[in-house]
Amino acid sequence: MSPNSRYPAIGTAGAAVAITGGARGIGLATAKAFAARGAYVAIGDLDEQLAEQAASDIGSRCVAFGLDVGSAESFVKFVNRVECSTGPVDILVNNAGIMPLSEFLEESDRVSSTQIDVNLWGPIHGMRTVLPGMVERGRGHIVNVASLAGKMSTPGAAVYSATKHAVVGLSGAVRNEMADHGISISVIMPSLVRTELGAGLAMPAAVTVTPETVADAIVDSVRTRRAATVVPRWLGSAVDVANLLPSSVREAALRRASANGLAAAANRDPKRSEYRRRIEGQVSGE
């Protein structure tokens, strides 16, 4: 039995695809990848003007709307507008996410709350909005973009790591609930992606990936309906093995890698300043 035989096939050509956080980074690369394969794509983003420019650049198969994923009302409005433009959503990609970096005790409640709203409530709102229609139609596919931080502890990004662990667990549970309805849920867990979200983080090139590589994994999940995919795949196996080691060994490795200082060093890097400014505006509601 093939891994996706229990799910009705969804071809990318002609599919209606909704992507959150689609104005930049992984979301933008994913929108381009689906459009190139003949899908009708709708991107949602808090920065509606940038999203509209991105959609214009992609072409006639792409539209854009404003979206605050932390608001259930905003998500419902977004999906209604999408379905008026493209038809019922066949594929939802919950991609929107933020990653402020700081030590746990230095992070304010507002920053933590915003991360939970975007990174966790976003996928919850998205799934609760589109799943009823998918259940009625007996088909659909949802991709939740988490992070390799959802499989490991991440000093300097504790709440971010917590939200991504939550998305991994959420995705697996909802996948099991929806399987008998012909609906698949896949979670994608990239390592450090070469976007502004990861700017300033000093990581070996071998464990970083491009947005286009992640986008390819997202598109491929429509074919495989695989429950979980780490990008790059080999790194997932390495983390699984590392998680079996005694905690003392893992902690010693983190100390040798100076992991506790990575966040502070990244925040001092000028390349991260624009991302920090934008996230701070989002936290303050500007």
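Heavy atoms only: backbone and side chains are in, while hydrogens, waters and symmetry mates are out.
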> How about I142 and L131: do any of their side-chain heavy atoms sit closer than 4.5 Å?
Replying inline: yes
>> I'd like to know whether I19 forms a side chain to side chain contact (heavy atoms under 4.5 Å, CB included) with F34, so could you lay out the CA-CA distance, the side-chain angles of the two residues, the decisive distance to 0.1 Å, and finally the verdict.
In response: CA-CA 10 Å; I19 303 170; F34 273 115; 4.3 Å; yes
> Between V17 and I58, is there a shared hydrophobic cluster once you connect ILVMFWY residues whose side-chain heavy atoms come closer than 4.5 Å?
Replying inline: no
>> Using 0.5 Å steps for rounding, measure from the OH atom of Y160 to the OG1 atom of T154.
In response: 8.0 Å
> Heavy-atom distance under 4.5 Å between the side chains of T224 and D220, does that happen here?
Replying inline: yes
>> Between R175 and I185 (side chain of the first, backbone of the second, donor and acceptor by atom type, cut-off under 3.5 Å), is there such a pair?
In response: yes
> Listed by chain and number, what are the salt bridge (charged side-chain N to carboxylate O under 4.0 Å, His left out) partners of R128, not counting sequence neighbours?
Replying inline: none
>> I'd like to check the side chain to side chain contact (heavy atoms under 4.5 Å, CB included) partners of S85; sequence neighbours left out, ordered by chain and number.
In response: V63, F65
>> Going by the rule side chain to side chain contact (heavy atoms under 4.5 Å, CB included), which residues pair with V168 if we only count those two or more places apart in sequence or in a different chain?
In response: A146, V187, M189
> For the hydrophobic clusters of this structure (ILVMFWY residues joined by side-chain heavy atoms under 4.5 Å, transitively), does one cluster hold both V89 and I124?
Replying inline: yes
>> Going by side-chain hydrogen bond (donor to acceptor under 3.5 Å, both in side chains), name the residues that satisfy it together with N95, two or more places apart in sequence or in a different chain.
In response: none
>> Same cluster or not: L50 versus V93, using hydrophobic residues (I, L, V, M, F, W, Y) connected whenever any side-chain heavy atoms lie under 4.5 Å apart?
In response: no
> So, for A15 and D90, which heavy atoms are closest and what is the spacing to 0.1 Å?
Replying inline: CA-OD2, 3.5 Å
> Does any N or O in the side chain of S161 come within less than 3.5 Å of the main-chain N or O of A157, such that one atom is a donor and the other an acceptor?
Replying inline: no
>> Set out, in order, the CA-CA distance, both residues' side-chain angles and the distance that settles side chain to side chain contact (heavy atoms under 4.5 Å, CB included) for V193 and T210, then state yes or no.
In response: CA-CA 6 Å; V193 185; T210 65; over 6 Å; no
>> If you compare all heavy atoms of A64 against all heavy atoms of A51, which two are closest, and at what distance to 0.1 Å?
In response: CB-O, 3.3 Å
>> Rounded to the nearest 0.5 Å, what separates atom CD1 in I183 from atom CG in L92?
In response: 11.5 Å
> Between N119 and I98, is there a donor-acceptor pair closer than 3.5 Å when you use the side chain of the first and the backbone of the second?
Replying inline: yes
> Which distance, rounded to the nearest 0.5 Å, do you find between the CD1 of I116 and the OG1 of T163?
Replying inline: 7.5 Å
> With sequence neighbours left out, what residues match R61 under salt bridge (charged side-chain N to carboxylate O under 4.0 Å, His left out)?
Replying inline: none
> Which side-chain hydrogen bond (donor to acceptor under 3.5 Å, both in side chains) pairs, counting each pair once, include a residue from residues 19-30, with sequence neighbours left out?
Replying inline: R24-E196
> With a 4.5 Å heavy-atom cut-off, do T129 and F78 have their side chains touching?
Replying inline: no
>> Tell me the closest heavy-atom pair linking A42 and V82, and the distance in Å.
In response: CB-CG2, 3.5 Å
Do any side-chain atoms of residues 69-77 form donor-acceptor pairs under 3.5 angstrom with protein atoms, and if so which ones, sequence neighbours left out?
unit_1 : atom_1 : unit_2 : atom_2 : d
S71    : OG     : E73    : N      : 3.4
S71    : OG     : S74    : N      : 3.0
S74    : OG     : D68    : N      : 2.9

>> If the condition is side-chain hydrogen bond (donor to acceptor under 3.5 Å, both in side chains), which residues does S221 pass it with, not counting sequence neighbours?
In response: H141
>> Could you check whether S112 and E107, counting side-chain N and O atoms only, form a donor-acceptor pair closer than 3.5 Å?
In response: yes
> Taking only residues at least two apart or on different chains, which pairs with a member in residues 37-59 satisfy side-chain hydrogen bond (donor to acceptor under 3.5 Å, both in side chains)?
Replying inline: Q53-D57
> At what distance, to the nearest 0.5 angstrom, does CD1 of I188 lie from OG of S147?
Replying inline: 12.0 Å
>> Between N94 and V167, is there a side-chain heavy-atom distance shorter than 4.5 Å?
In response: no
> In Å and rounded to the nearest 0.5 Å, what is the CG to CE distance from L101 to M99?
Replying inline: 4.5 Å
>> Is any side-chain heavy atom of D180 closer than 4.5 Å to one of R6?
In response: yes
> Does the side chain of I10 come within less than 4.5 Å of R225's, by heavy atoms?
Replying inline: yes
>> Once side chain to side chain contact (heavy atoms under 4.5 Å, CB included) is applied, do any residues pair with A54, and if so which ones, sequence neighbours excluded?
In response: L28, I43
> Are R277 and E280 within salt-bridge range, i.e. N to O under 4.0 Å?
Replying inline: no
> Which value, rounded to the nearest 0.5 Å, describes the distance between H181 atom NE2 and M178 atom CE?
Replying inline: 4.5 Å
> Among all residues two or more places apart in sequence or in another chain, which pass the side-chain hydrogen bond (donor to acceptor under 3.5 Å, both in side chains) test with R194?
Replying inline: T208
> V41 and L46: same hydrophobic cluster, using ILVMFWY side-chain contacts below 4.5 Å?
Replying inline: no
> Mind checking what makes side chain to side chain contact (heavy atoms under 4.5 Å, CB included) contact with S191, not counting sequence neighbours?
Replying inline: L148, V209, P232, L235
> Does NZ in K151 sit with more than 12 non-hydrogen atoms of other residues, nucleotides or ligands closer than 6.0 Å?
Replying inline: yes
>> For H165 versus A149, what's the shortest heavy-atom pair and its separation?
In response: CE1-O, 2.9 Å
